[in-house]
Structures are given as C-alpha cells and as structure tokens.
There are 2 protein chains.
Amino acid sequence: MSNEASYKDKKVITIGIVRELTGLSERQIRYYEERKLIFPERTPGGSRKYSFADIELLMDIAEKIEDGVQTFEIRQEMMKDKKKAEQAKLRKKMIQGQLNAQFGIRKA
Amino acid sequence: MSNEASYKDKKVITIGIVRELTGLSERQIRYYEERKLIFPERTPGGSRKYSFADIELLMDIAEKIEDGVQTFEIRQEMMKDKKKAEQAKLRKKMIQGQLNAQFGIRKA
DNA sequence: CGTGTAAGGAATTCTGACACG
DNA sequence: CGTGTAAGGAATTCTGACACG
C-alpha cells in the first residue's frame with residue numbers, strides 16, 4: 001500500500017525512449033511540459049527523466065490534442081481531476097478518523 | 001496475468017540512471033554484461049537500455065561479488081535458477097492439461 | 001496555438017586498451 | 001578477476017529562435 005506504484009511513478013526514462021514509446025516528437029513532449037501538462041525530473045546534467053505514468057499521461061494528452069482540445073483546457077481538466085482525487089483522499093481519511101474514534105486505534 | 005510485469009520488465013532505462021539507482025560504476029555494469037550476467041537491449045544508436053528487473057538483478061550481483069563470489073559462479077547459479085523456474089512452469093502446464101482432460105476445456 | 005527545423009553547445013554513452021593485482 | 005581511467009568519437013539532449021498558420 002505504498003510500494004506497488006514504485007515502478008510506475010519513478011522518473012527514470014529519457015526523452016528519446018519516451019519518443020519511441022509514445023510516438024510523439026521531442027518537440028511535442030517538451031512543449032507539453034512548457035504548458036504545464038507534464039513534469040519530468042532532471043539529471044544533474046539537465047536531461048529530462050520521465051515515469052511510465054508520465055508516458056501514459058502523454059498519450060492521453062496527445063489524444064485530446066488530436067481531438068482539438070487546447071493545452072490550457074487540458075490543464076484545467078487535469079487540475080479539476082487532481083482536486084477531486086485530493087477530496088476523495090480527504091474523505092477517506094475523515095471516515096478513518098471516525099472509525100478510530102468509535103472503535104479505538106486499530107493501526108498500531 | 002500477462003501485464004502486471006509490464007513496467008518491471010520493460011527495458012527503458014539508460015546506464016547513467018542505472019548507475020544512480022544501483023550505486024555501481026558504469027564500468028561494473030558493462031562488465032557484468034560482458035560476463036553474461038545481464039542482458040540490456042540497445043537503442044538504434046547503440047545505447048544500453050535496462051529494466052527495473054535488471055536493476056534489482058544488478059544489486060543482487062553486486063552483493064554476491066562483495067561476498068567474494070566470482071562472476072562465472074553467479075552465472076552458474078542463475079542458469080540453475082532459470083532451469084528450475086522453467087521446470088516449475090512445465091509442471092504447472094502439465095497439471096493444467098490433466099485438469100482440462102478430466103473436466104473439459106474451461107479456458108474458452 | 002502547436003509543431004517542425006537548423007544551430008551550437010553540453011552531457012551522455014560507446015568501444016578498446018592499459019593498468020593493477 | 002574485477003575495476004579504474006584516459007582517449008577519441010558518436011549519439012543524445014538542451015535551449016532559444018525563426019517559421020508557418
């Protein structure tokens with residue numbers, strides 16, 4: 001419950017491999033970053049590093065762009081989704097708090 | 001049952017990242033390949049590509065080397081393990097065949 | 001707006017070899 | 001045997017800019 005995403009989210013893939021895996025051009029991949037849709041990490045030397053999750057995200061982005069959606073709209077959607085996910089997490093945490101209050105601490 | 005290893009086994013990581021993740025030198029990583037302990041793929045340009053599974057394997061190898069085990073011994077162990085895994089798979093397949101023979105084809 | 005491209009430079013990776021022990 | 005290193009070259013990546021539309 002804290003490790004299963006260890007491979008999917010680790011930023012270890014350079015842009016050339018991402019290009020092969022997604023079929024996008026490096027220009028496109030960098031542009032989506034410029035538009036705040038994707039957030040690669042960097043090596044000490046400055047090379048971008050992506051995760052498998054980033055690759056899937058890039059393919060979603062590319063599909064939307066093909067459908068005529070503009071980058072700022074995609075960003076808005078993503079922020080909305082992110083907010084929803086955070087709220088869901090919060091709700092879950094509150095329910096857990098209720099349970100702990102009523103039935104005692106089960107975690108330790 | 002055919003996709004959960006999709007991230008772990010995909011060869012997408014360049015040697016510099018592997019160096020960071022394992023703490024090994026590039027010299028060591030390339031040497032273990034020369035000794036047939038590890039089998040990276042290549043980009044069209046010739047750069048090595050490793051998987052997360054390779055990284056874990058490299059760390060196992062490094063540990064054994066520290067313990068004084070020689071590369072050819074490690075290779076022998078690996079071949080033995082590989083053979084065992086294949087036999088286990090075979091047994092599984094034969095049992096499945098027995099089941100199918102007795103209770104009919106359930107797969108389709 | 002989203003993408004292609006040429007430009008120049010820097011970081012990355014490659015191989016084969018010498019060294020040590 | 002396993003590893004470090006300097007050498008020279010090739011592949012990879014980076015940024016900022018011009019172009020088109």
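Throughout, a chain's letter reflects where its sequence line sits, starting with A, and its residues are numbered from 1. Note that the coordinates shown come from a computational prediction; the quantities given were computed from them, not determined experimentally.
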Hey, what do you get for CD (B/Glu86) to CG (B/Leu90), rounding to the nearest 0.5 Å?
8.5 Å
Set of residues satisfying side-chain contact (heavy atoms from CB on, under 4.5 Å) with respect to A/Leu57, sequence neighbours excluded
A/Ile38, A/Ile61, A/Met78
Please check this pair: side chain of A/Asp54 against backbone of A/Ser51, looking for a donor-acceptor N/O pair closer than 3.5 Å.
yes
Please determine whether a side-chain nitrogen or oxygen atom of A/Thr14 lies at a distance below 4.0 Å from atom OP1 or OP2 of D/dT12.
no
Among A/Arg27, A/Lys49, A/Arg42, which residue satisfies the salt bridge (Lys or Arg N to Asp or Glu O under 4.0 Å) criterion with A/Glu33?
A/Arg42
Nearest whole Å is fine: how far is C/dT13 P from B/Glu20 CD?
9 Å
Rounded interatomic separation in angstrom, taking CD from B/Glu34 and C1' from C/dT15
11 Å
Return yes when atom CD of B/Glu63 has more than 12 non-hydrogen atoms of other residues, nucleotides or ligands closer than 6.0 Å, and no otherwise.
no
Can you check nucleotides 2-5 of chain C for protein contacts, nitrogen or oxygen pairs under 3.5 Å, and list what you find?
from  : atom 1 : to      : atom 2 : distance (Å)
C/dG2 : OP1    : A/Thr71 : N      : 2.6
C/dG2 : OP1    : A/Thr71 : OG1    : 3.3
C/dG2 : OP2    : A/Tyr31 : OH     : 2.7
C/dG2 : OP2    : A/Arg35 : NH1    : 3.1
C/dG2 : OP2    : A/Thr71 : OG1    : 2.7
C/dT3 : OP1    : A/Gln28 : NE2    : 3.0
C/dT3 : OP1    : A/Tyr32 : OH     : 3.1
C/dT3 : OP2    : A/Tyr32 : OH     : 2.9
C/dT3 : O4     : A/Arg27 : NH2    : 2.8
C/dG4 : OP2    : A/Ser25 : OG     : 2.6
C/dG4 : N7     : A/Arg27 : NE     : 3.1
C/dG4 : O6     : A/Arg27 : NH2    : 3.0
C/dT5 : O4     : A/Arg27 : NE     : 3.3

Are the side chains of A/Phe72 and A/Arg75 in touch, meaning some heavy atoms are under 4.5 Å apart?
yes
Can you tell me which residue among A/Glu73, A/Gln70, A/Glu77 is in a side-chain hydrogen bond (donor to acceptor under 3.5 Å, both in side chains) with A/Lys64?
A/Glu77
Using the side-chain contact (heavy atoms from CB on, under 4.5 Å) criterion, which residues pair with B/Ala62? Sequence neighbours excluded.
B/Leu24
Rounded to whole Å, the CD-C1' distance (A/Glu33 to D/dT13) equals 13 Å
Any residue meeting ring-ring contact (aromatic ring centres under 6.0 Å, His included) with B/Phe52, in chain and number order, not counting sequence neighbours:
A/Tyr7
Pairing string, 5' to 3', for DNA chain D - Watson-Crick or wobble contacts under 3.5 Å, brackets [ ] where pairs cross, | to another strand:
.||||.||.|.|.||.||||.
Within residues 43-51 of chain B, find the residues that approach DNA chain C with a heavy atom at under 4.0 Å, and present them sorted by residue number.
B/Gly46, B/Ser47, B/Arg48
When rounded to the nearest 0.5 angstrom, what is the spacing between CE in A/Met79 and NZ in A/Lys82?
9.0 Å
